[in-house]
Amino acid sequence: MSRDLPKAYDPTAIEDHWAEYWVRERIFDVPTPAAGTVDPARIFTILLPPPNVTGRLHMGHMLNQTEMDILIRWHRMRGDTSLWVPGTDHAGIATQMMVERQLANEGTTRQQLGREAFVERVWEWKKEYGGAILGQMKRLGASVDWSREYFTMSDPLSRAVREAFVRLHEQGLIYRGAYIVNWCPRCQTAISDLEVIHEEQQGKLYEIRYPVVGDAKAFVTIATTRPETMLGDVAVAVNPNDARYTHLHGKKLRLPLTDREIPIVTDDWANPEFGTGAVKVTPAHDPNDFAIGQRHHLPSINVMDDTAHITVAGAYAGLDRFEARKRILADLEAHGFLVAVKDHTNSIGKCDRCKTIVEPRLSTQWFLKIQTLADKAIAAVEQGHIRFTPQQYEKTYFEWMRNIHDWCISRQLWWGHRIPAWHCAACQEITVARETPHACMHCGSANITQETDVLDTWFSSGLLPFTVFGWPEQTLDLATFYPTQLLLTGFDILFFWVARMIMLGCHFMLDVPMPDGSKRELKDAVPFREVYIHALVRDADRQKMSKTKGNVIDPIEIIRHYGTDAVRFTLASMASPGTDIAFSEARTEGYRAFANKIWNAARFIFMQIDRAKEAGIVVDPHTLPAEIIASESDPLETRWIISRLNQCAADVNQALANYRFDEAANLIYQFFWGEFCDWYLEIAKIRLDFGETADKVATTTALTTLLSVFEAALRLLSPFMPFLTEEIWHAFYDGKPPAKSIALSAYPQDNATSDGALEISMGVVQELIVTVRALRKELGVAEKSTTPVQVARCAELKDHAELIQRLARVSDMEIVPSIPDSPNKRSTYNFDVAVIYEKPIDIPAERERLTKDLAKFEKEMESKQSQLQNEGFLAKAPAKVVDGLRTRAEELTVLIEKTRAALDTLDTVGSR
RNA sequence: GGGCGGCUAGCUCAGUUGGUUAGAGCGCCUGCCUUACAAGCAGGAUGUCGGGGGUUCGAGUCCCUCGCUGCCCACCA
């Protein structure tokens with residue numbers, strides 16, 4: 001890695017190399033520290049939200065990983081023991097679907113294959129393709145500890161899952177029973193409430209009359225949106241206070257299209273306001289109806305099979321539910337039972353995975369009693385043991401947690417953690433055990449078979465914050481790294497994952513003693529201390545990216561084009577909390593330009609090292625002072641740039657502490673480009689005089705500062721642009737860097753206070769240079785030619801004459817007591833300046849500009865004065881504000897006076 | 001039916017607890033191939049801070065109201 005950088009910055013040429021280097025050299029591995037050797041406050045641990053093994057990297061992942069990587073690199077460079085644990089999720093349904101699709105292409109099905117062979121097949125698939133996303137992650141430069149990579153279905157994690165299940169069962173928190181669950185007829189499994197997405201839909205409300213038994217002319221009209229479920233009706237409910245139906249209490253109805261008679265029951269749930277006030281009761285297909293059925297001891301008639309085909313014997317048997325609906329409606333109409341069909345908007349539940357309409361259906365499932373877990377999870381946040389950023393998500397969290405229902409944790413899938421329960425054929429009892437039992441624990445029969453259901457994927461991922469560290473063993477890892485510091489993720493898995501981790505973490509870890517043997521309290525049982533929720537990445541038109549819309553931006557594609565560093569920087573700079581990111585390539589293009597800028601700054605600096613060497617001045621990067629401190633005797637720009645660097649470092653550290661990736665990124669950008677390159681580097685060109693007669697000490701000092709500040713800036717930037725900075729950093733040290741990676745060097749801190757007064761005087765120099773440049777431009781001075789200037793009211797500027805001459809193309813700067821008003825003169829609060837140049841300026845344009853300025857100044861002056869005359873303001877406003885206002889008023893007085901004079905002159909000149 | 005955001009320059013977004021001149025990037029206009037960088041340099045234009053009302057000495061920032069827009073949650077047939 002020599003200092004011979006190619007002329008153009010080419011990210012593809014460097015990124016693969018370092019991505020591979022970091023992994024190969026195990027730069028980011030964190031061996032478990034010996035007990036008690038690390039201050040817990042200096043440990044920073046995060047867990048990667050496990051992508052699905054089926055996943056391909058998308059912009060959401062990239063944002064998530066970029067943010068985590070910036071933070072973990074930042075902490076690492078600050079000297080914290082920084083551990084980022086990667087892994088993948090077995091993703092039950094998603095993976096099973098993937099392999100099933102593959103089987104379909106081969107003309108077979110999982111049923112034909114059989115469970116064992118199918119699961120074997122999925123494992124093969126996982127081995128073959130499951131690492132894709134982690135490979136992509138390596139390419140992003142994610143500084144994770146690959147030695148700790150986990151998979152939610154590995155042996156150790158599977159053991160932990162069984163342990164957790166068995167313990168919950170022993171604690172009486174897991175039960176099995178027949179309840180209404182959300183059933184996906186396509187996936188043929190139960191799914192949890194969270195996996196159902198509701199969509200508003202314009203549907204129909206059908207009103208159907210049910211004849212009263214024993215009264216040929218009487219009917220009760222019910223309303224339903226799912227007429228096919230009437231086959232499972234076991235009653236009709238009316239409100240006990242509904243006078244319209246009082247006379248029918250205790251009567252029976254004949255269920256149309258069947259020969260069944262069903263009772264009329266009274267139940268408060270029937271709302272007299274809705275429809276006809278009478279509601280059909282179908283306990284096997286509706287949660288409310290199920291509750292009514294329980295209250296009135298009614299039977300349940302399940303009318304559909306796992307694929308939502310009608311099972312009730314008769315005309316509709318074997319029909320798909322929607323086909324059955326059509327037929328039933330037709331038959332009802334034919335027999336005069338269908339009274340009305342009304343438009344009705346209702347929300348319809350669909351399977352999150354396959355978008356099939358979910359069927360609420362009575363089914364025997366395993367549930368986790370959630371209330372005691374939720375109580376602890378609520379307390380943990382209420383008591384501030386877990387902090388949310390942005391804070392508003394706390395509210396969302398509480399809302400959900402306080403209205404939580406028991407969690408259906410069983411799935412009728414083959415790919416997943418099989419529930420450790422065995423059914424006894426002899427006594428029908430269930431044996432729940434950690435290891436496969438040989439006999440039923442109730443009757444001793446050996447005729448037992450394992451439960452076929454598997455656990456919800458989120459059950460195992462909910463345990464990860466402690467299972468990845470070896471729980472249920474009380475390992476050193478667990479003692480060292482639990483709780484993790486931060487959970488960084490998108491809001492889409494706030495309930496699925498974040499909430500579950502909090503519940504399960506608080507529940508299980510409360511039983512694990514602290515490293516010193518004392519009892520663990522809630523504050524240390526939490527799985528993480530902070531949660532940072534990031535936004536959604538949308539396309540440039542703020543549209544949600546989706547495959548169907550075809551507007552998905554593939555990060556790998558963008559990276560190929562602009563480089564990982566530029567994409568990372570784009571995401572970071574746009575990641576302000578609370579708002580979604582409209583990903584714009586234009587922006588990425590801009591940050592690639594930034595990377596190029598840094599690249600070229602490096603080339604320039606390396607050239608100076610060579611030039612210096614030729615001139616006999618040797619500044620060795622390896623022996624630069626550890627701390628960059630300016631001394632009184634240093635030139636203005638040296639003290640200024642060091643002061644700016646320190647201020648920038650302080651601000652960036654502060655921003656990162658508050659998860660303000662955008663602020664941090666913008667601060668560095670502004671510093672590096674706007675201050676270091678635009679000003680300091682240009683000045684350095686003047687100072688780096690390698691000529692025979694040059695002041696070698698001054699040149700050496702300038703070069704030392706240049707190198708020091710640049711190197712510090714690289715470190716400052718490193719968490720954001722790890723590849724580019726790594727490349728340049730190694731080159732900077734001529735291939736012999738003081739550490740194996742810039743990521744292992746120290747992050748710049750605010751090690752000196754910035755010098756405010758100094759910046760003002762540098763500010764005046766800059767102001768003069770800018771003013772002269774503007775004047776020259778207006779006067780039409782040719783770019784290359786130099787012009788003399790006169791400066792009044794600020795003699796100190798003479799001290800910086802050389803600098804001003806070079807940067808503003810001034811041939812000679814003369815300090816004069818005053819400058820007569822002329823179109824060539826420009827005034828600021830600090831000085832008057834005139835460019836000596838014959839060519840007259842564009843008078844109308846100049847007049848327009850001055851008039852505009854004057855109006856602006858006068859308007860501002862007016863408002864300032866009215867404020868300063870306002871006694872209320874003077875009495876109540878803080879002194880700082882009043883003083884500021886007075887100073888500004890003074891400035892304005894000068895500016896107005898100068899502008900008026902300039903205008904007058906213009907008129908004189910103009911009339912000549 | 002509840003709840004939460006957003007509306008600031010042509011575009012994408014910043015704007016900390018109300019306080020001096022509302023900012024950035026991109027785009028736009030003008031002039032420069034000044035040997036680190038044309039992926040660049042220099043100079044420049046651009047805002048009734050969604051509408052209305054209120055609190056205050058002072059409002060982009062707080063309150064009320066209206067409008068548009070996005071999202072989350074919910075077992076009303």
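Numbered from 1 within each chain, the chains take letters A, B, ... in sequence-line order.
The side chain of A:Gln392 sits closest to B:C4 out of B:G19, B:C4, B:U12. In the set B:G19, B:C4, B:A74, B:C4 carries the atom at the smallest distance from any side-chain atom of A:Lys395. The side chain of A:Ser576 has B:C13 as its nearest neighbour among B:C13, B:G15, B:C73. Ranking B:G43, B:C37, B:C32 by closeness to the A:Glu783 side chain, first place goes to B:C32. The side chain of A:Ala877 approaches B:C57 more closely than any other nucleotide in the set B:C57, B:C71, B:G5. Of the candidate nucleotides B:C75, B:G40, B:C71, B:G40 has the atom nearest to the side chain of A:Trp673. In this structure, the nucleotide among B:A39, B:G5, B:C72 sitting nearest to the side chain of A:Ala8 is B:A39. Checked against B:C57, B:C75, B:G31, the side chain of A:Lys876 finds its nearest nucleotide in B:C57. Closest to the side chain of A:Tyr669, out of B:G25, B:C57, B:C71, is B:G25. The A:Lys852 side chain lies nearest to B:A45 when the options are B:G31, B:A39, B:A45.
Between the CG atom of A:Asn666 and the P atom of B:A14 there is a distance of 11 Å, rounded to whole Å. B:A36 atom C1' lies 8 Å from atom CD of A:Gln608, rounded to whole Å. Atom-to-atom, CG of A:Leu667 to P of B:A14 comes out at 15 Å; the value is rounded to the nearest Å. Look at CG on A:Asp662: it is 12 Å from P on B:U16, rounded to the nearest Å. Atom CD of A:Glu675 and atom P of B:C41 are 15 Å apart (whole Å). Atom-to-atom, CD of A:Glu860 to C1' of B:A22 comes out at 12 Å; the value is rounded to the nearest Å. Rounded to a whole Å, the CG atom of A:Asn346 is 10 Å from the P atom of B:C76. The distance from atom CG of A:Asn870 to atom P of B:U56 is 13 Å, rounded to the nearest whole Å.
Contacts of A:Ala270 with the nucleic acid, taken as non-hydrogen atoms under 4.0 Å apart, include base atoms. Counting any heavy atom pair closer than 4.0 Å across all strands shown, A:Glu891 reaches a base atom. When heavy atoms are screened at a 4.0 angstrom cut-off, A:Arg587 is found touching base atoms of the nucleic acid. As judged by a 4.0 angstrom heavy-atom cut-off over every strand, A:Val770 is placed among residues touching the sugar-phosphate backbone only. Heavy atoms of A:Gly277 sit under 4.0 angstrom from at least one base atom. No contact: A:Arg776 has no heavy atom under 4.0 Å from any strand. Here A:Phe495 lies in heavy-atom contact (under 4.0 Å) with sugar-phosphate atoms only.
A:His198 has no side-chain polar atom (N or O) that falls below the 4.0 Å cut-off from OP1 or OP2 of B:C73. One finds a side-chain N or O of A:Lys597 lying less than 4.0 angstrom from the OP1 or OP2 phosphate oxygen of B:C41. In this model, the phosphate group of B:U20 is not approached by any side-chain N or O of A:Lys880 to a distance below 4.0 Å at OP1 or OP2. A close approach under 4.0 Å does not occur between any side-chain nitrogen or oxygen of A:Trp400 and OP1 or OP2 of B:C4. Using a 4.0 Å cut-off, no side-chain N or O of A:Lys777 falls inside it from OP1 or OP2 of B:A42. The phosphate of B:C32 has neither OP1 nor OP2 within less than 4.0 Å of any side-chain N or O from A:Arg773.
Both tests hold for A:Arg773 against A:Trp679: distance to the six-membered ring centre under 6.0 Å, angle to the ring axis within 45°. Geometrically, A:Lys898 does not engage A:Phe857 in a cation-pi contact defined by less than 6.0 Å to the ring centre and at most 45° from the axis. Both cation-pi conditions hold for A:Arg402 and A:Phe398: the charged atom is under 6.0 angstrom from the six-membered ring centre and inside a 45 degree cone around its axis.
Here B:G43 sits opposite B:C29 as a Watson-Crick or G-U wobble pair (both hydrogen-bonding atom distances under 3.5 Å). B:G19: Watson-Crick or G-U partner is B:C57, with both key distances under 3.5 Å. Searching all strands for a Watson-Crick or G-U wobble partner of B:G5 with both distances below 3.5 Å returns B:U69. Checking B:A24 for Watson-Crick or G-U wobble geometry (two distances, each under 3.5 Å) identifies B:U12 as its partner.
Using C1' as the reference atom, B:G6 and B:G15 are 15 Å apart when rounded to the nearest Å. Nucleotides B:A45 and B:C28 have their C1' atoms positioned 9 Å apart, rounded to a whole Å. Comparing B:U16 with B:C11, their C1' atoms sit 26 Å apart, to the nearest whole Å. Rounded to whole Å, the C1' atom of B:C49 lies 11 Å from the corresponding atom of B:A59. For the P atoms, the distance from B:U65 to B:C26 is 42 Å, rounded to whole Å. B:C29 and B:U56: their C1' atoms are spaced 42 Å apart (whole Å). To the nearest whole angstrom, the two C1' atoms, one in B:U17 and one in B:G70, are 28 Å apart. Between B:C41 and B:U46, the two P atoms lie 23 Å apart (nearest whole Å).
A:Phe606 and A:Phe732 have tilted rings, their planes meeting at an angle from 30° to 60° on a 0 to 90° scale. Ring geometry for A:Tyr179 against A:Phe367 counts as perpendicular: the plane angle is over 60°, on a 0 to 90° scale with 30° as the lower cut.
Between A:Tyr393 and A:Tyr397, the distance from one ring center to the other does not fall under 6.0 angstrom. Under the 6.0 Å cut-off for aromatic ring centres, A:Tyr669 and A:Tyr591 qualify, their centroids lying closer than that.
Within 6.0 Å of atom NE2 in A:His296, more than 12 heavy atoms from other residues, nucleotides or ligands are found, so the atom counts as buried in its surroundings.
A donor-acceptor contact closer than 3.5 angstrom is absent between the side chains of A:Glu195 and A:Asn182.
Counting distance only, with no hydrogens placed and no angle test, the side-chain atoms of A:Glu682 and the base atoms of B:A42 include no donor-acceptor pair under 3.5 Å.
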